[in-house]
Amino acid sequence: MPRDQATDAQHLYDDRATRYDDSWHPRFARHVVELLDLQPSEHVLDLACGTGLVTFAAAQAVGPTGTIIGVDISSGMLAQAHLKRQNTNVGNVQLHQHSITGLSSLAAVRGRHFDAITCASALVLLSNPALALKHWARFLKPGGKLITDVTHVRSQLGHLTLERVGQTLEIPIPSYRLNFETPQKFEDLLSAAGLQNVDVKLVSQVQANGHGAGVGAYMCDLDRPRIDRSYTVADGSVIFEKLISSRYGEALSADHVKTRARQLFLEEWAKLADGHGQIEEVDGVFVGIGWRPS
């Protein structure tokens, strides 16, 4: 049975809302806005806006004559965004609780077109990203740009391995990283949404080259990602137990499936090892930008 994306997002992110900003996400949000190169008076639609990390950085970039509409399904994450708006007294931000895959039923965006659309750290949560991207692109002005991202296929290897197990058992878990096994697949999806001049970059969580806070210091070559850590095959058991005790893996924790899920997980985990028994995990997010034809 297909998962309900809105319900999954509520479960995954309501619990994390008060801690979400205690991570690399605030810096990544600034990098997203930097890559967009927003101009004063532009109008931006921020999808899966969460706690408002991209939202408020974009609001500063477009200035008081621009507008930002943030949309998210998680009431917990939006509560944090509302607090930020109150504390900063920002007047050009609207926040709405709504599914990001059904924007036509949201009055605040229905019939509108935007200079830029953002969706940070959320595309991999959608079961049909191709359909979502086509839907979003319709809300761009001619010449408008859309930016989104997906994790590198060798990043968060435990999550990716659990996703493979879920596929085998036909018990889906709430992420769809296997849709993006190469940066070319990501680029192709953006192009298929009607976007042109698509540009995909690989951005790390820590500085990959040079110094400074700008996004350039965090970029890697697409085919030379930064190695974040190394595991062994024996680490698989601990990783599996940690994942199935979380919201992310709870669907595989039931007694009637857990034993088989563990067996499959350890088999898939072992396949990731190199000839020395090491499993290297990458630090990297593919960020894609595309433009609607003028």
Side-chain angles (χ1 to χ4, degrees), residues 1-17 20 25 28-29 32 45-51 53-55 69-78 96-106 109 114 116-140 145-153 155-156 159-160 162-167 170-195 198 200 246-251 285-290 292:
M1 177 182 295
R3 298 190 66 96
D4 181 83
Q5 187 272 330
T7 300
D8 282 339
Q10 284 275 12
H11 287 165
L12 286 170
Y13 287 96
D14 283 0
D15 288 349
R16 299 174 59 191
Y20 188 80
H25 288 288
F28 181 66
V32 167
L45 177 60
D46 182 21
L47 301 174
C49 66
T51 64
L53 293 173
V54 170
T55 311
I69 294 180
V71 182
D72 201 285
I73 197 64
S74 167
S75 56
M77 297 286 270
L78 281 174
H96 299 275
Q97 185 176 11
H98 198 276
S99 169
I100 63 172
T101 58
L103 295 174
S104 298
S105 61
L106 178 59
V109 303
F114 297 85
I117 294 176
T118 69
C119 179
S121 304
L123 189 64
V124 297
L125 300 176
L126 305 181
S127 60
N128 194 334
L131 186 62
L133 288 166
K134 290 177 182 178
H135 176 57
W136 301 341
R138 294 200 296 268
F139 291 88
L140 284 172
K145 50 199 168 184
L146 184 151
I147 187 168
T148 188
D149 63 278
V150 297
T151 47
H152 192 287
V153 73
S155 176
Q156 300 181 3
H159 294 76
L160 189 75
L162 202 68
E163 186 177 333
R164 293 187 190 280
V165 172
Q167 274 195 351
E170 298 183 342
I171 304 174
I173 61 173
S175 73
Y176 303 89
R177 290 176 172 84
L178 294 176
N179 288 316
F180 309 101
E181 294 202 77
T182 67
Q184 187 61 54
K185 285 189 176 181
F186 183 33
E187 182 177 334
D188 290 346
L189 273 180
L190 292 167
S191 297
L195 302 175
V198 174
V200 175
S246 69
R247 288 280 194 183
Y248 184 82
E250 63 184 1
V285 174
F286 291 116
V287 181
I289 310 176
R292 180 175 177 175

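What you see below is based on every heavy atom in this structure, not just the backbone, and it leaves out hydrogens, waters and symmetry mates.
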Asker: Mind listing the closest non-hydrogen atom pair of Gly76 and Asp14 along with its distance?
Answerer: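 Result for this residue pair: N-OD1, 3.0 Å.
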Asker: If we only count heavy atoms from C-beta on, is the Ile117 to Leu140 side-chain gap below 4.5 Å?
Answerer: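 Yes, their side chains come closer than 4.5 Å.
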Asker: Do the side chains of Ile147 and Val32 get nearer than 4.5 Å, heavy atoms only?
Answerer: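 Of all side-chain heavy-atom pairs linking Ile147 with Val32, at least one is under 4.5 Å.
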Asker: Tell me, which pairs form a side chain to side chain donor-acceptor pair (under 3.5 Å) where one or both residues lie in residues 185-195, sequence neighbours left out?
Answerer: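 Checked against side chain to side chain donor-acceptor pair (under 3.5 Å) - neighbours excluded - the pairs reaching residues 185-195 are Gln184-Asp188.
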Asker: May I ask you to test the His152-Val285 pair for a side-chain heavy-atom distance under 4.5 Å?
Answerer: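 The answer is no; the side chains never approach within 4.5 Å.
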Asker: From Asn128 CG over to His135 NE2, what is the distance, rounded to the nearest 0.5 angstrom?
Answerer: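 If we round to the nearest 0.5 Å, Asn128:CG and His135:NE2 are 12.0 Å apart.
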Asker: Heavy-atom distance under 4.5 Å between the side chains of Leu126 and Tyr176, does that happen here?
Answerer: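 Result no, sub-4.5 Å side-chain heavy-atom pair not found.
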Asker: Listed by chain and number, what are the salt bridge (Lys or Arg N to Asp or Glu O under 4.0 Å) partners of Arg16, not counting sequence neighbours?
Answerer: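 If we apply the salt bridge (Lys or Arg N to Asp or Glu O under 4.0 Å) test to Arg16, skipping adjacent residues, there are no hits.
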Asker: Please walk me through it: do Asp149 and Phe286 pass side-chain contact (heavy atoms from CB on, under 4.5 Å)?
Answerer: CA-CA 5 Å; Asp149 63 278; Phe286 291 116; over 6 Å; no
Asker: Using side-chain heavy atoms (C-beta onward) and a distance below 4.5 Å, is Phe180 in contact with Leu189?
Answerer: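 Touching, per the 4.5 Å side-chain cut-off.
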Asker: Any chance the side chains of Ser175 and Glu163 put a donor and an acceptor closer than 3.5 Å?
Answerer: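 Result is yes, a qualifying pair exists.
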Asker: After noting the C-alpha distance and the side-chain angles of Phe139 and Ser104, does the key distance pass the side-chain contact (heavy atoms from CB on, under 4.5 Å) rule?
Answerer: CA-CA 9 Å; Phe139 291 88; Ser104 298; 4.1 Å; yes
Asker: Using 0.5 Å steps for rounding, measure from the CG atom of Asp46 to the NE2 atom of His96.
Answerer: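 Interatomic distance, Asp46 CG to His96 NE2, rounded to 0.5 Å: 12.0 Å.
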Asker: Show the nearest heavy-atom pair for residues Arg292 and Leu195, with the distance to one decimal.
Answerer: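 Closest approach of Arg292 to Leu195, heavy atoms only: N-CD2, 3.9 Å.
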Asker: Rounded at 0.5 Å granularity, tell me how far CD in Glu250 sits from CD1 in Ile173.
Answerer: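 Reported to 0.5 Å precision, the distance equals 11.0 Å.
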Asker: Check the pair Leu190, Leu146 against side-chain contact (heavy atoms from CB on, under 4.5 Å), reporting the backbone distance first and the verdict last.
Answerer: CA-CA 9 Å; Leu190 292 167; Leu146 184 151; 4.3 Å; yes
Asker: Quick one: pull up CD in Gln167 and CG in Leu178 and give me the separation to the nearest 0.5 Å.
Answerer: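 It is 5.0 Å, given to the nearest 0.5 Å.
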Asker: Answer whether the closest heavy-atom distance between the side chains of Thr118 and Trp136 falls below 4.5 Å.
Answerer: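 No - every pair of side-chain heavy atoms lies 4.5 Å or more apart.
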Asker: Do Phe186 and Asn179 have side chains that get closer than 4.5 Å, going by heavy atoms?
Answerer: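 They are not in side-chain contact.
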Asker: Could you label the plane-to-plane angle of the Tyr20 and His25 rings as parallel, tilted or perpendicular, counting under 30° as parallel and over 60° as perpendicular?
Answerer: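 Parallel, since the angle between the ring planes stays under 30°.
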Asker: Quick one: closest heavy-atom pair of Thr101 and Ala132, and the distance?
Answerer: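 For Thr101 versus Ala132, the nearest heavy atoms are CG2-CB, 4.4 Å.
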Asker: If you compare all heavy atoms of Ala251 against all heavy atoms of Pro172, which two are closest, and at what distance to 0.1 Å?
Answerer: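 For Ala251 and Pro172, the tightest heavy-atom pair comes out as CB-O, 4.4 Å.
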Asker: Any non-hydrogen side-chain atom of Asp72 less than 4.5 Å from a side-chain atom of Gln97?
Answerer: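 Not in contact.
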Asker: Set out, in order, the CA-CA distance, both residues' side-chain angles and the distance that settles side-chain contact (heavy atoms from CB on, under 4.5 Å) for Val153 and Arg177, then state yes or no.
Answerer: CA-CA 7 Å; Val153 73; Arg177 290 176 172 84; over 6 Å; no
Asker: Looking just at side-chain N and O atoms, do Ser105 and His98 make a donor-acceptor pair shorter than 3.5 Å?
Answerer: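 Looking only at side-chain atoms, His98 and Ser105 do form a donor-acceptor pair, the distance falling under 3.5 Å.
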Asker: Could you check Ile69, Leu78, Val54, Val71 and say which one makes a side chain to side chain contact (heavy atoms under 4.5 Å, CB included) with Cys49?
Answerer: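 For Cys49, the side chain to side chain contact (heavy atoms under 4.5 Å, CB included) test succeeds with only one of Ile69, Leu78, Val54, Val71, which is Leu78.
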Asker: Supply the atom-to-atom distance Ser99 OG to Ile73 CD1, rounded to the nearest 0.5 angstrom.
Answerer: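 It comes to 5.5 Å.
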Asker: How long is the straight-line distance from CG of Leu12 back to CG of Asp15, given to the nearest 0.5 Å?
Answerer: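 Spacing of CG (Asp15) from CG (Leu12) equals 8.0 Å.
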